[in-house]
Amino acid sequence: MNVKVLKFGGTSLADAEQMKKVIRIVKADEACRYVVPSAPGKRFSADEKVTDLLYLCYETAKKGENFGEVFEKIKNRYRDIIRGLGLDFSLEEEFKGIEVAILHHAGRDYVASRGEYLNGMIMAKALGFTFVDAASCIFFNENGSFAAEETNKSLGELLKKTPHAVIPGFYGSMPNGTIKTFTRGGSDITGAIVARAAEADVYENWTDVSGFLMADPRIVKDPKPIGVITYRELRELSYMGATVLHDESIFPVRFAGIPINIRNTNDPDAKGTMIVPSSKVEGNDGNVITGIAGKKGMSVISLEKDLMNAELGFGRRVLEVLEDLGLSFEHLPSGVDTMSIVVATASLEGKKERLLDGICRAVKPDYISLDDGFALIAVVGRGMVSEKGTAQRIFGAIADADVNIRMIDQGSSEIDIIIGVSEEDYEKSISAIYNAFAG
Ligand code: ADP
Ligand code: ASP
Ligand code: MG
């Protein structure tokens with residue numbers, strides 16, 4: 001029999017009405033065996049996500065202040081859902097336990113994870129599925145990295161014995177039993193881990209848009225949906241800011257060749273986007289580009305030095321300075337005697353001077369500068385490999401929009417072109433590229 005793993009995002013579980021849609025989706029198909037819920041998200045744009053409220057409880061308690069009012073809001077979100085679903089079920093004892101734990105300064109990750117934990121209990125009750133605490137089957141190593149093989153073995157064995165289960169997203173446990181979460185949006189990763197362990201035929205990721213769109217719908221009006229996208233393309237787009245799917249969530253399923261299907265809880269008849277291995281697709285329906293994504297908040301360190309290209313170990317010495325400061329870089333475009341390093345501005349806080357001093361000492365450049373206020377835009381498409389003149393079309397569109405390109409980098413895979421522009425030109429550039437290829 002087919003096995004499907006379904007992950008539902010925060011907006012799909014924001015209130016009882018949304019939950020009813022989810023229950024209908026799961027109950028409609030016998031193959032829907034394993035469900036991975038997020039915590040309740042926003043019901044309307046000015047609303048608060050339960051996860052954000054939990055982080056606020058943690059911060060408030062840490063300052064020794066009263067978090068009761070915020071916690072009451074959280075409890076009421078769950079009480080409303082239970083009432084709206086007409087369940088004969090109470091979480092009051094769980095609430096008490098969590099409140100006491102926060103009072104006794106439980107860890108930040110433990111507190112944040114309770115959003116998914118409580119929602120998982122409700123979902124399990126509503127669906128009549130077994131509740132499986134993610135702490136008992138999703139494991140992290142001592143150094144905080146995800147323990148992929150250990151988890152896959154133990155979760156696989158557990159799922160074999162459990163025909164229908166709800167496994168809360170976002171967290172797992174450390175070797176000493178304490179709770180650890182993935183980074184924000186991490187329920188997508190849990191869904192992929194469960195899909196691999198269950199040897200699922202498909203990993204359905206249910207959200208509030210009818211699939212991956214060619215551009216962020218908050219920037220481009222009604223962008224075209226993407227029917228089929230490869231894991232590679234998706235990773236580029238999600239890493240570069242298309243937040244639909246956590247960029248790390250492809251690894252467990254790619255490993256097992258399980259396709260991901262992005263679906264819309266509010267429009268379950270829409271086919272959504274299929275994410276598949278490159279070997280499974282041919283061409284791109286005549287589309288040169290698959291999608292555009294990007295992110296603001298970047299800084300660029302520019303270096304110049306005569307005969308840089310001949311200086312053995314130049315790049316290594318520069319990157320060692322970054323490594324010593326715990327900084328990772330986003331991109332590294334270089335010319336004959338120039339090198340630029342793109343780094344997230346937020347990661348440089350309190351480190352700028354040490355970084356510049358360190359580089360000057362390490363490689364004695366003729367010129368060095370550090371500029372903030374950059375945005376990166378990635379134009380991604382498997383169709384670009386065979387199509388000549390794509391770069392020209394992109395640059396032409398940006399020039400016509402009167403935007404100055406500050407940096408260009410083409411990935412070695414030839415499926416992406418990265419462009420750096422000033423932050424204030426970000427939206428304008430994305431719209432211009434979209435219109436040139438899909439408008
Ligand atoms: P969930 O809570 O279901 O995990 P997210 O908020 O994480 O959902 O992701 C869905 C949102 O991603 C959409 O509502 C949309 O605003 C945003 N988004 C950004 N880029 C894209 C894109 N290229 N295609 C579709 N949605 C996008
Ligand atoms: N609830 C967590 C967050 O808001 C994880 C998730 O939704 O995927 O980041
Ligand atoms: Mg998400």
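Whatever order the structure lists them in is the order used to number ligands and atoms, beginning at 1. Residue numbers count from 1 along this sequence.
In Glu149, the CD atom is crowded: over 12 heavy atoms of neighbouring residues, nucleotides or ligands sit closer than 6.0 Å.
The shortest heavy-atom distance from Gly185 to ligand 2 is under 4.0 Å. Proximity of Gly186 to ligand 2 is established by a heavy-atom distance of less than 4.0 Å.
Geometrically, Arg114 engages Tyr171 in a cation-pi contact defined by less than 6.0 Å to the ring centre and at most 45° from the axis. With a 6.0 Å cutoff to the six-membered ring centre and a 45° limit on the axis angle, Lys295 counts as a cation-pi contact of Tyr239. For the pair Lys296 and Tyr426, the cation-pi criterion (under 6.0 Å, within 45° of the ring axis) is not fulfilled.
Looking at atom 6 (C) of ligand 2, its nearest protein heavy atom turns out to be Ser187 OG, 3.4 Å.
Contacts of Glu72 classified as salt bridge (Lys or Arg N to Asp or Glu O under 4.0 Å), with partners at least two apart in sequence or in another chain: Lys75, Arg79.
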Could you go step by step and tell me if Tyr231 and Phe255 meet the ring-ring contact (aromatic ring centres under 6.0 Å, His included) rule? CA-CA 11 Å; Tyr231 294 135; Phe255 188 83; over 10 Å; no
Test log, rule salt bridge (charged side-chain N to carboxylate O under 4.0 Å, His left out), inputs Glu48 and Lys42: CA-CA 6 Å; Glu48 289 153 314; Lys42 292 184 180 188; over 6 Å; no
Where do Phe89 and Tyr78 land on the ring-ring contact (aromatic ring centres under 6.0 Å, His included) test, with the steps shown first? CA-CA 11 Å; Phe89 174 66; Tyr78 291 107; over 10 Å; no
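Against a heavy-atom cut-off of under 4.0 Å, Ser38 is close to the following atoms of ligand 2: 6 (C), 7 (O), 8 (O).
At distances below 3.5 Å, at least one donor-acceptor pair connects side-chain atoms of Tyr203 with backbone N or O atoms of Asp188.
Among Arg184, Glu116, His246, the residue whose heavy atom lies nearest to atom 5 (C) of ligand 2 is Glu116.
Checked against a 3.5 angstrom limit, the closest N/O atoms of Asp188 and ligand 2 fall outside it.
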For ligand 1, list every N/O pair with the protein closer than 3.5 Å, one pair per line with the distance.
{"from": "ligand 1", "atom 1": "2 (O)", "to": "Gly10", "atom 2": "N", "distance (Å)": "3.2"}
{"from": "ligand 1", "atom 1": "3 (O)", "to": "Thr207", "atom 2": "OG1", "distance (Å)": "2.7"}
{"from": "ligand 1", "atom 1": "4 (O)", "to": "Lys7", "atom 2": "NZ", "distance (Å)": "3.2"}
{"from": "ligand 1", "atom 1": "8 (O)", "to": "Thr207", "atom 2": "OG1", "distance (Å)": "3.1"}
{"from": "ligand 1", "atom 1": "12 (O)", "to": "Thr243", "atom 2": "OG1", "distance (Å)": "3.4"}
{"from": "ligand 1", "atom 1": "14 (O)", "to": "Asp208", "atom 2": "OD1", "distance (Å)": "2.8"}
{"from": "ligand 1", "atom 1": "14 (O)", "to": "Asp208", "atom 2": "OD2", "distance (Å)": "3.2"}
{"from": "ligand 1", "atom 1": "23 (N)", "to": "Leu213", "atom 2": "O", "distance (Å)": "3.0"}
{"from": "ligand 1", "atom 1": "24 (N)", "to": "Leu213", "atom 2": "N", "distance (Å)": "2.9"}

